[in-house]
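Accompanying notes for the structure given below.
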Amino acid sequence: MSNVTPTVTTRPSNVRAVVPLAVGAAVAIAIGTYGRVHDPAGRNTITLFFKDTLTFKAWTTTVAFALVIFQVVSAARIYGRLKFPKSMPAWYGDAHRLSGTLAFALTLPVVFHCLWSLGFATNWDNPRTVIHSVAGCFFFGLFTAKVLSVRSHKLTGWMLPVIGSLTFAALAILWATSSLWFFTNKGFRQG
């Protein structure tokens, strides 16, 4: 008889993806529900040194989008999909995490204004605002799922890249339906 105990290896499971996705879906639904049932205040909120809140939001979201582009590029390098820089600096992972944190922080005053002052758009006479509202809910839901997934080694390998890509796509749609629209219709200088 052998005294060898068989080794059981646990493989990542697609079932484990349900929890972060369910929490992310709950966040998206909660934000959308609040935006829909809340009576929009219709007032400017944060302006800082900008002319008005819309200008503040356009530039803040643009900076957040630029940081998220760095997120995508740096993630591709960290996971070996890009070979530049040839030797990865020790600070690269920290820069990746910091850029994501800053991008998220920059979106918070924007979402506050959107939800509190404007609400959730449902009027298809202006499809841009409806698409923007839906993309905003998806962004925060996906971001929540990404944060819950990023440190888990028990999830399947496809999950983080897919959620990260979808989060990027949602922010790109948000930027295109807000900042790009603003710059195209109002110009870059509003102050």
Side-chain angles (χ1 to χ4, degrees), residues 19-72 96-151 162-191:
V19 172
L21 292 174
V23 174
V27 167
I29 290 167
I31 289 171
T33 301
Y34 173 79
R36 183 72 181 113
V37 300
H38 168 73
D39 289 329
R43 297 190 312 242
N44 277 339
T45 53
I46 303 164
T47 59
L48 292 181
F49 49 84
F50 294 97
K51 176 183 173 185
D52 56 28
T53 301
L54 291 180
T55 306
F56 166 78
K57 287 172 37 177
W59 282 104
T60 302
T61 306
T62 298
V63 172
F65 189 50
L67 288 167
V68 170
I69 290 171
F70 175 76
Q71 276 267 293
V72 171
H96 173 80
R97 285 184 292 282
L98 180 61
S99 66
T101 301
L102 290 174
F104 178 71
L106 287 170
T107 64
L108 292 177
V110 175
V111 73
F112 169 74
H113 177 266
C114 290
L115 288 171
W116 182 77
S117 188
L118 304 174
F120 188 93
T122 58
N123 184 353
W124 281 98
D125 291 342
N126 188 353
R128 178 188 63 83
T129 60
V130 176
I131 292 167
H132 184 77
S133 291
V134 171
C137 294
F138 272 110
F139 170 75
F140 282 97
L142 288 164
F143 183 83
T144 301
K146 180 182 177 285
V147 167
L148 293 174
S149 302
V150 76
R151 296 272 183 216
V162 168
I163 291 177
S165 298
L166 291 172
T167 304
F168 173 78
L171 188 60
I173 292 167
L174 282 170
W175 182 81
T177 57
S178 61
S179 298
L180 180 60
W181 175 88
F182 179 85
F183 294 138
T184 303
N185 291 284
K186 306 286 184 182
F188 290 95
R189 294 177 46 126
Q190 287 288 310

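Numbering starts at 1 and runs along the sequence shown. Scope of the values below: all heavy atoms of this structure, side chains included, with no hydrogens, waters or symmetry mates.
Phe139 has its ring centre no less than 6.0 Å from the ring centre of Phe168. Centroid-to-centroid, the aromatic rings of Trp59 and Phe183 come within less than 6.0 Å.
Residue Phe120 is tested with Val37, Thr129, Val134, Thr33 for a side chain to side chain contact (heavy atoms under 4.5 Å, CB included); the sole match is Val134. Of the residues listed (Val27, Leu171, Thr167), the one engaging Leu142 in a side chain to side chain contact (heavy atoms under 4.5 Å, CB included) is Thr167, and it is the only one.
The local environment of CG in Asp39 is sparse, with at most 12 non-hydrogen atoms from other residues, nucleotides or ligands closer than 6.0 Å. At most 12 heavy atoms of other shown residues, nucleotides or ligands fall within 6.0 angstrom of atom CZ in Arg36. Heavy atoms from other residues, nucleotides or ligands lying under 6.0 Å from CZ of Phe56 number more than 12.
Ser117 contributes no side-chain N or O that, together with a main-chain N or O of Cys114, makes up a donor-acceptor pair within less than 3.5 Å. Panel note: side chain Thr61, backbone Ala58; no donor-acceptor pair is recorded below 3.5 Å. Between the side chain of His113 and the main chain of Lys57, no donor-acceptor pair closer than 3.5 Å is present.
With rounding to the nearest 0.5 Å, the separation of CG in Leu67 from OG1 in Thr107 is 11.0 Å. The structure places SG of Cys137 at 12.5 Å from OH of Tyr34, a figure rounded to the nearest 0.5 Å. One distance of note links NZ of Lys146 with CD of Gln71; it measures 5.0 Å at 0.5 Å rounding. The CG atom of Leu54 lies 7.5 Å from the CH2 atom of Trp181; values are rounded to the nearest 0.5 Å. Here CG of Leu108 is found 5.5 Å from CZ of Phe140. Values are rounded to the nearest 0.5 Å. For the atom pair Asn123 CG and Ser133 OG, the distance stands at 11.0 Å (nearest 0.5 Å).
Val19 is not listed as a side-chain neighbour of Leu148, based on a closest heavy-atom distance of 4.5 Å or more.
The two residues His96 and Ser99 come nearest to each other via the heavy atoms O-OG, 2.8 Å. Contact record, Leu115 with Gly35: CD2-CA, 3.7 Å, taken as the closest heavy-atom pair. Looking at every heavy atom in both residues, Arg128 comes nearest to Thr177 through NH1-O, 2.6 Å. Heavy-atom minimum distance, Ala145 versus Pro20: CB-O, 3.4 Å. Across Ala176 and Leu180, no two heavy atoms sit closer than the pair O-CB, 3.6 Å. Counting all heavy atoms, side chain and backbone alike, Val68 lies closest to Ala103 at CG2-CB, 3.7 Å.
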*Test Asn126 against Val130 for side chain to side chain contact (heavy atoms under 4.5 Å, CB included), laying out the working first.*
CA-CA 7 Å; Asn126 188 353; Val130 176; over 6 Å; no
